[in-house]
Amino acid sequence: MPSAPGDEKPRNETEHERLDRQLMELLQGFRVAVTGVQVLFAFLLTVPFAVGFRDVDDGGRALYYVALLGAALASICFIAPVTQHRILFRLGQKSLLIRRANRFGICGAVALAVSITAATALIMETLLSDAAAAVGGAVIAALCAWAWFVQPLLSRRAVLAARNGSGGGSRDGGLGAAEPPARAPAEGSGAASRATAPERDDP
């Protein structure tokens with residue numbers, strides 16, 4: 001039976017361990033996304049050199065420029081957290097990096113959705129017709145909107161509503177589902193020394 005919202009068990013981790021985990025989870029997600037962006041971006045960069053591109057009408061060229069700029073913006077957004085992590089290395093700014101990475105990830109997803117929609121419409125317009133391009137682009141845009149934004153936002157609203165109803169609160173400050181506070185370490189235990197140790201960035 002699936003657990004109800006708010007039923008997750010508390011993690012036995014310190015604040016620094018929680019930040020380490022959240023940052024690694026974000027960067028791992030970016031690795032998956034940036035692979036798709038790079039493939040799309042590389043394809044778009046070769047399109048103008050294809051023989052048939054000269055036959056593309058003004059509408060098709062506009063779609064191409066939208067797709068190209070969207071892919072470029074998505075690449076910038078998905079790579080930015082990695083670069084900032086290197087520049088802010090060992091400065092104790094992981095909490096800031098996580099907040100920025102979350103925003104960059106959402107902006108990158110929006111740009112990628114626009115690029116995919118425009119690229120699909122461009123191909124369908126070239127091969128079929130303007131009507132097919134409009135329908136295909138609308139379908140792709142709707143799928144991206146639902147799978148990437150609407151569905152998780154509905155789930156987020158349901159989880160937060162359940163927690164507010166039970167008197168719970170969110171610790172993430174807009175980063176996603178809140179996590180329960182870490183258990184207080186026993187006095188004199190190894191966990192206590194980890195909690196007071198300075199934050200360390202993994203290379």
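Residue numbers count from 1 along this sequence. Note that the structure is predicted; figures quoted are calculated from it, not measured.
The two atoms that bring A121 and G137 nearest to each other are CB-CA, 4.5 Å, heavy atoms only. Closest heavy-atom contact between A119 and L44: CB-CD2, 4.4 Å.
The hydrophobic cluster containing V114 does not contain Y65, counting ILVMFWY residues as joined when their side-chain heavy atoms lie under 4.5 angstrom apart, directly or transitively. Both I140 and L112 belong to a common hydrophobic cluster when Ile, Leu, Val, Met, Phe, Trp and Tyr are linked at side-chain heavy-atom distances under 4.5 angstrom. The hydrophobic clustering, which links ILVMFWY residues whose side-chain heavy atoms are closer than 4.5 Å, places L160 and L154 apart. Note on V110: it clusters hydrophobically with V34, by side-chain heavy-atom contacts below 4.5 Å among ILVMFWY residues. M124 and V56 end up in the same hydrophobic cluster when Ile, Leu, Val, Met, Phe, Trp and Tyr side chains are linked at under 4.5 Å.
The pair E17-R21 does not count as a salt bridge, with every side-chain nitrogen at least 4.0 angstrom from each carboxylate oxygen.
Atom-to-atom distance recorded for D130:CG and D57:CG is 6.5 Å, nearest 0.5 angstrom. Between the OG1 atom of T126 and the OH atom of Y64 there is a distance of 12.5 Å, given to the nearest 0.5 Å. The distance from the NZ atom of K94 to the CD atom of Q22 is 11.0 Å, given to the nearest 0.5 Å. Between atom CG of residue L63 and atom OG of residue S115 there is a gap of 11.0 Å, rounded to the nearest 0.5 Å.
One N or O on the side chain of E125 and one on the backbone of G60 form a donor-acceptor pair closer than 3.5 Å. Here the side chain of N102 pairs no donor or acceptor atom with the backbone of I98 at under 3.5 angstrom.
Environment of CZ in F43: sparse, with no more than 12 heavy atoms of neighbouring residues, nucleotides or ligands closer than 6.0 Å.
Two rings, from F30 and F104, have their centers 6.0 Å or more apart.
Looking at Q38 and F41, their side chains never come closer than 4.5 Å, going by heavy atoms from C-beta outward. Residues S95 and R99 are in side-chain contact: their nearest non-hydrogen atoms beyond the backbone lie under 4.5 Å apart.
R31 and T35 are not linked by any side-chain donor-acceptor pair at a separation below 3.5 angstrom, with hydrogens and angles left out of the test.
When each of I116, L68, L45 is paired with L40, the side chain to side chain contact (heavy atoms under 4.5 Å, CB included) condition holds for I116 and for no other.
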